[in-house]
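Below, all heavy atoms of this structure are taken into account, side chains as well, without hydrogens, waters or symmetry copies. The first residue of the sequence shown is numbered 1, and numbering continues consecutively from there. Since the model is a prediction, treat every value here as computed from it, not as a measurement.
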Amino acid sequence: MSFPLLTATAAVPAIGAIATAAVPAAKRTAAKWLALLFSLATLALAAVVAVRFDPGAKGPFQLTESHAWIKDFGVRYELGVDGIAVALIALTALLVPFVILAGWHDADPMEEPTPNRRWRPTQGFFALILAVEAMVVISFEATDVFLFYIFFEAMLIPMYFLIGGFGDRAGEHGEEQSATQRSYAAVKFLLYNLAGGLIMLAAVIGLYAATAHQLGSGTFSLTEIVQARADGRLELAAGTERLLFLGFFFAFAVKAPLWPLHTWLPNAMGESTAPVAVLITAVVDKVGTFAMLRFCLQLFPEASSWATPVILVLALVSILYGALLAVGQRDIKRLIAYASISHFGFIVMGIFAMTSQGQGGATLYMVNHGISTAALMLVAGFLISRRGSRLIGDYGGVQKVAPVLAGTFLVGGLATLSLPGLAPFVSEFLVLVGTFSRYPAVGVVATVGIVLAALYVLVLYQRTMTGPVKSEVRAMPDLKARELAVVAPLIALLLFLGVYPKPLTDLVNPAVDHTLSVVDRHDPRPDVPVKAEPGTADAEAAK
């Protein structure tokens, strides 16, 4: 038996979570270093997965593992990765060490605990981060629908405690957020995502019943179901397929988040610490858009095509609505949250454009958005921790007293607005090209989101970093060594992938082509014929 590499990649952070939680309360520093060590070990395993993965190999999944689990119900422990999953596993494993480093002091005991400023166990904070990482990684690896569903829902539990139990210490007016506000955000996050998960559970059961009826025995295996549909052994009635699709899509749209199911995100990100906010939008939310590609499109190809016009409209609303609300925000973290809603609209639009450029760009967007949002949010977190306020109006002239902080904040902001030369530009350009080639009107309207992004990012920078130095920020220190160790690699990645995205495109394009072949969609042919030289094969074909 070969070494279970995928299992190890998810098991290491899970073991790390248990080990970190077991560290004695007096050994807070040891718990931090232990959590960081396990996150780096996970990153090393993710690197091995990426190296061993062969983008040119045949078959949809590699490094597969398959074992019987609950035989009576056809549930298997089945793992496998394609290029899209490898890219997102690498993103998750890369960001978690930075999240841990950035949150190094976020759960330290407070000097004067009060009902709203209570002691928070450091070990629990870092253990919960590793638990989320483990569940997200195995969600990207699972090729059994039921196995995926379990971890898709289970990750809500540690996230609930991270939001509700370890909220931001900088309140709306520069004071500690009350327990009521944190609890509200955590409960709203949990209820929205649980509602989506329960609807998905009904669809999962319906899918099992359909396979049991037509194949003789029920199965949750994605590979078996897709193959049975290709062979004609499994044919779902149009109405049944559409209902099942809607059950899956609703859960993924909540997680993504897509308008109008997005309202939990600004509350969750606003009340979380900056590292936890990064964990939400750069890691956990990616499971929703990833699942649209892996499960919605491949399990329900006809229903996906049927729902595409409505989904594109929802994506457009998300792009414009998120950007417009970001323009009007007074709170730095809520501005970044609404900007993320706009960006997720671009990702969903690229997925359902049903073109290779659109889906390839959407996958790149998931990775690049994770890096750019992490850079911007973590620098914003460092800024907020110094001033003790999230309000934009409480800042001014920061670039004169903390130029490195201001410079990294600017680069993160420029990446968020997809400036050419930075990684998100490549993905946003591909999404727009892929969408325009099939749905020109949608592509044109979506470009308004780019203009609005420039507006909210540049206005944010102007109001916080330029102008006269406010007395409250006059003594603000610049980034320290630990903070630079968090931000500098992210900035370097944004620059590298902005000028040389080929490693990522080579990785994800075969998986995108496979998904399009399952859905039976092809890139639209150009309206303008290509002129061929006389006597060539192209000229004979044109005749």
Side-chain angles (χ1 to χ4, degrees), residues 55 58-61 80-85 87-88 140 143 145 148 200 203-204 206-207 210-211 220-253 256 258 288-315 346-366 430-431 433-439 442-443 505 507-525:
K58 294 183 179 180
F61 301 113
V81 290
D82 57 10
I84 299 171
L88 293 175
F140 291 140
T143 57
V145 177
F148 169 83
M200 179 184 170
V204 169
L207 179 65
T211 59
F220 293 102
S221 171
L222 173 66
T223 306
E224 291 182 15
I225 295 172
V226 170
Q227 188 60 49
R229 297 208 65 167
D231 296 342
R233 293 181 290 116
L234 177 63
E235 296 182 1
L236 299 176
T240 301
E241 180 174 341
R242 293 172 182 180
L243 285 175
L244 295 177
F245 168 86
L246 290 175
F248 277 75
F249 180 80
F250 183 84
F252 303 152
L258 186 68
T289 47
F290 164 80
M292 291 179 190
L293 276 166
R294 172 165 284 189
F295 296 106
C296 281
L297 268 60
Q298 298 193 42
L299 289 174
F300 315 110
E302 186 278 333
S304 298
S305 298
W306 163 76
T308 289
V310 174
I311 294 173
L312 289 177
V313 171
L314 296 179
F346 277 107
I347 294 172
V348 174
M349 184 178 73
I351 291 172
F352 284 89
M354 301 291 187
T355 60
S356 58
Q357 299 98 330
Q359 291 190 359
T363 305
L364 293 183
Y365 216 134
M366 293 185 221
L430 287 173
V431 166
V433 168
T435 303
F436 186 84
S437 65
R438 193 181 294 277
Y439 303 101
V442 175
T505 57
L507 181 65
V508 304
N509 282 345
V512 167
D513 293 338
H514 170 75
T515 302
L516 287 173
S517 68
V518 171
V519 186
D520 195 23
R521 299 296 292 269
H522 307 281
D523 290 338
R525 300 182 64 181

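For the atom pair F248 CZ and F300 CZ, the distance stands at 4.5 Å (nearest 0.5 Å). Within the model, atoms CD of Q359 and CG of L364 stand 12.0 Å from one another, a figure rounded to the nearest 0.5 Å. Between atom CD of residue Q227 and atom CZ of residue R233 there is a gap of 7.0 Å, rounded to the nearest 0.5 Å. For the atom pair CZ (F249) and CZ (F295), the distance works out to 15.5 Å, reported to the nearest 0.5 Å. With values rounded to the nearest 0.5 angstrom, F140 atom CZ is found 11.0 Å from I84 atom CD1. To the nearest 0.5 Å, atoms CG (L207) and CE (M200) are separated by 9.5 Å.
Counting heavy atoms from C-beta outward, V519 and S305 have side chains that approach closer than 4.5 Å. Side-chain contact check for L293 versus M366: some heavy-atom pair is nearer than 4.5 Å. Contact annotation: the side chain of I351 approaches that of L297 to within less than 4.5 Å [non-hydrogen atoms, C-beta and beyond]. The closest side-chain heavy-atom distance from P60 to D82 is not below 4.5 Å.
Smallest separation of non-hydrogen atoms from R229 and L299: NH1-O, 2.8 Å. Summarising the geometry of F252 relative to G288, their closest heavy-atom pair is CB-O, 3.5 Å, with the distance given to 0.1 Å. Across every non-hydrogen atom of G434 and A353, the tightest pair is O-CB, 4.1 Å. Of all heavy-atom pairs spanning L516 and S356, the tightest one is CD1-N, 3.4 Å. Annotation for G358 and T355: closest pair N-OG1, 3.0 Å, computed over non-hydrogen atoms. Of all heavy-atom pairs spanning T435 and G443, the tightest one is CG2-N, 3.9 Å.
Without hydrogens or angle criteria, E241 side chain to E302 main chain gives a donor-acceptor distance under 3.5 Å. At least one donor-acceptor pair under 3.5 Å links the side chain of S304 to the backbone N or O of C296. The main-chain N or O of A303 is never found under 3.5 Å from a side-chain atom of R242 such that the two would form a donor-acceptor pair. Q357 places no side-chain N or O within 3.5 Å of a backbone atom of L430 that could act as its donor or acceptor partner.
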message: Set out, in order, the CA-CA distance, both residues' side-chain angles and the distance that settles side chain to side chain contact (heavy atoms under 4.5 Å, CB included) for L258 and F250, then state yes or no.
response: CA-CA 9 Å; L258 186 68; F250 183 84; over 6 Å; no

field: Evaluation steps, side chain to side chain contact (heavy atoms under 4.5 Å, CB included), between I225 and F220
entry: CA-CA 8 Å; I225 295 172; F220 293 102; 5.8 Å; no

task: Please assess I347 against V431 for the test side chain to side chain contact (heavy atoms under 4.5 Å, CB included), listing each intermediate value before the final yes or no.
output: CA-CA 8 Å; I347 294 172; V431 166; over 6 Å; no

query: Should L244 and L236 be marked as a side chain to side chain contact (heavy atoms under 4.5 Å, CB included) after you check the CA-CA gap, both sets of side-chain angles, and the distance that decides it?
result: CA-CA 10 Å; L244 295 177; L236 299 176; 4.3 Å; yes

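Enclosure of atom CZ in F436 is not indicated, since only 12 or fewer non-hydrogen atoms of other residues, nucleotides or ligands lie within 6.0 angstrom.
When the options L312, I311, V310 are evaluated for a side chain to side chain contact (heavy atoms under 4.5 Å, CB included) with T308, the one that passes is L312.
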